Amino acid sequence: MAIENFISVDYTEGPKLGAALEQHVRNYDVDIMNLQRATKLVPAGESASGLIEVELENGATLKSKTVVLSTGARWRQMGVPGENEYRNKGVAYCPHCDGPLFKGKRVSVIGGGNSGVEAAIDLAGIVAHVTLIEFDGKLRADEVLQRKLRSLPNVEVIVSAQSTEVLGDGQKVNGLVYKDRTDGSMHSLSLEGIFVQIGLLPNTEWLQGTLDLSPRGEIVIDARGQTSLPGVFAAGDATTVPYKQIVIAMGAGSTAALGAFDHLIRTSAPVAETVPA
Ligand SMILES: Cc1cc2nc3c(=O)[nH]c(=O)nc-3n(C[C@H](O)[C@H](O)[C@H](O)COP(=O)(O)OP(=O)(O)OC[C@H]3O[C@@H](n4cnc5c(N)ncnc54)[C@H](O)[C@@H]3O)c2cc1C
């Protein structure tokens, strides 16, 4: 739960930061509706009210001139025995957040795409040894990242390998089992940390077909947080913003709010009078 990269705060924890955010919002005239899931977004041009509509799972509909979407993302999991049991007890998903906890230890990174290789490069500077495991026969990361990875003395790369189980002593991770996909043989690695880097899934399934999403399902935004739908803005991990971190999501939230404010000013201006010639 520890957060140590939120600038100006040495150390905080997720629930504490969440509670502080909620308290701050409650100081203003803002309605907070917890435990509600948005299921559909109806553009102003298609709604009976002429406003943007957000339909909720409980049957209610919110109507507004602007909407800011910030539904976040979830890490794609390996789906192997031990992964959930040892989540945050050695199984980690964020190298920038949790890497320092593994200083001087042996870790593996699962996934040989750009995020996996970047994570391995990053971790190699902190931990004793990194084993990068890739399912495919070759790494999929950019060549420049692969070159950097290969130059590091404390990194081993294993391709054509399928992770099959996270091992632990009941308290924390102590190993990883993988299958060599070329001959079916099983192997185990002794280590203390496993960083799963096989993708981040944006929580945008409910928006498909409504506004522009990237091939990865991220909401496409411009520099003002504007989406492809007029009046609809977005911020944070659910969007195409390249780095998924708290401080970035907060800044993006401000950008989207200012973008929405700007949109309101421009759309509420009285229609210009026609001056007779
Ligand atoms: C275990 C873990 C540790 C992390 N540690 C750090 C760290 O130390 N430092 C750091 O900078 N970053 C860290 N991150 C990343 C950080 O949490 C995110 O970058 C940040 O929270 C993104 O903010 P967000 O508002 O975009 O999304 P989120 O914080 O994910 O918030 C999205 C919210 O939308 C809700 N939601 C989703 N779908 C719907 C829907 N259809 N209707 C209504 N509500 C919906 C979700 O329930 C959630 O409350 C960590 C992430 C994880 C998973």
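This structure is a prediction, so every number in the text was calculated from the model and none was measured. The chain is numbered in sequence order, starting from 1. Both counts, for ligands and for their atoms, begin at 1 and track the order of listing.
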Enquirer: Strictly by modelled atom types, are His96 and Asp122 linked by a side-chain donor-acceptor pair under 3.5 Å?
Expert: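 On atom types as modelled, these side chains qualify, holding a pair under 3.5 Å.
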Enquirer: Could you tell me whether atom 47 (O) of ligand 1 has at least one protein heavy atom nearer than 4.0 Å?
Expert: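 It does not; no protein heavy atom is within 4.0 Å.
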Enquirer: Does this structure show an ion pair linking Arg74 with Glu205, if we count only N-O contacts that are shorter than 4.0 Å?
Expert: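 Judged by the 4.0 Å cut-off on N to carboxylate O distance, Arg74 and Glu205 do form a salt bridge.
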Enquirer: Can you name the atoms of ligand 1, numbered from 1 with element, that are less than 4.0 Å from a heavy atom of Ile3?
Expert: 8 (O)
Enquirer: Could you tell me, atom by atom, which parts of ligand 1 come under 4.0 Å of a heavy atom of Gly236?
Expert: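 Per the distance check, 26 (O).
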Enquirer: For Arg150, look at atom CZ and say whether over 12 heavy atoms of other residues, nucleotides or ligands are found less than 6.0 Å away.
Expert: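 Atom CZ in Arg150 is packed in, count exceeds 12.
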Enquirer: In terms of residue, atom name and distance, what is the protein heavy atom nearest to atom 30 (O) of ligand 1?
Expert: Gly72 CA, 3.7 Å
Enquirer: Taking atom types as modelled, find out whether Gln208 and Thr204 have a side-chain donor-acceptor pair closer than 3.5 angstrom.
Expert: no
Enquirer: For Asn5 and ligand 1, does the shortest N/O to N/O distance drop below 3.5 Å?
Expert: yes
Enquirer: Could you tell me if Arg224 sits above the aromatic ring of Phe233, with its cationic atom closer than 6.0 Å to the ring centre and no more than 45 degrees from the axis?
Expert: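 No cation-pi geometry.
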Enquirer: Is atom 13 (C) of ligand 1 in close reach of the protein, with a heavy atom under 4.0 Å away?
Expert: yes
Enquirer: Quick one: which ligand 1 atoms are inside 4.0 Å of a heavy atom on Trp75?
Expert: 52 (C), 53 (C)
Enquirer: Can you find a side-chain donor-acceptor pair between Gln77 and Asn84 that sits under 3.5 Å?
Expert: yes
Enquirer: Given Ser70, Cys94, Ala252, which has its nearest heavy atom closest to atom 33 (C) of ligand 1?
Expert: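 Ranked by closest heavy atom to atom 33 (C) of ligand 1, first place is Ser70.
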Enquirer: Contact between Gln36 and ligand 1, counting heavy atoms under 4.0 Å?
Expert: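 Contact present.
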Enquirer: Can you tell whether the side chains of Arg26 and Glu22 come within less than 4.0 Å, N to carboxylate O?
Expert: yes
Enquirer: With under 30° as parallel and over 60° as perpendicular, where do the rings of His187 and Tyr178 fit, or are they tilted in between?
Expert: parallel
Enquirer: So, is Ile246 polar-close to ligand 1, with some N/O to N/O distance under 3.5 Å?
Expert: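 Right, the criterion is met.
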Enquirer: Is the number of heavy atoms from other residues, nucleotides or ligands under 6.0 Å of Asn27 CG greater than 12?
Expert: yes
Enquirer: Compare Cys97, Ala92, Gly18 and give the one whose heavy atom is closest to atom 50 (C) of ligand 1.
Expert: Cys97
Enquirer: With nothing but distance in play, are any N or O atoms of Val247 less than 3.5 Å from an N or O of ligand 1?
Expert: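 There is no such contact.
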Enquirer: I need the nearest protein heavy-atom contact for atom 39 (C) of ligand 1: residue, atom name and distance, please.
Expert: Thr71 CG2, 3.5 Å
Enquirer: Contact between Lys105 and His129 at the side-chain level, heavy atoms closer than 4.5 Å - yes or no?
Expert: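 Heavy-atom side-chain distance check fails, nothing below 4.5 Å.
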Enquirer: At what distance is the nearest protein heavy atom to atom 23 (O) of ligand 1, and which residue and atom is it?
Expert: Ala249 CB, 3.5 Å
Enquirer: Distance to 0.1 Å, residue and atom name: give those for the protein heavy atom nearest to atom 15 (C) of ligand 1.
Expert: Lys244 O, 4.1 Å
Enquirer: Yes or no: does Tyr93 have any heavy atom under 4.0 Å from an atom of ligand 1?
Expert: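 No, Tyr93 has no heavy atom closer than 4.0 Å to ligand 1.
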Enquirer: Starting from atom 26 (O) of ligand 1, which protein heavy atom do you reach first, and at what distance in Å?
Expert: Asp237 N, 2.9 Å
Enquirer: Strictly by modelled atom types, are Glu192 and Asn174 linked by a side-chain donor-acceptor pair under 3.5 Å?
Expert: no
Enquirer: Can you check atom 41 (N) of ligand 1: any protein non-hydrogen atom closer than 4.0 Å?
Expert: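 Given the 4.0 Å limit, the answer for atom 41 (N) of ligand 1 is yes, a protein heavy atom qualifies.
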Enquirer: To check your reading of the model: name the closest protein heavy atom to atom 1 (C) of ligand 1, its residue, and the distance in Å.
Expert: Asn88 OD1, 4.5 Å
Enquirer: Looking at Lys244 and Glu218, is any side-chain nitrogen of the basic one under 4.0 Å from a carboxylate oxygen of the acidic one?
Expert: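 Lys244 and Glu218: salt-bridged.
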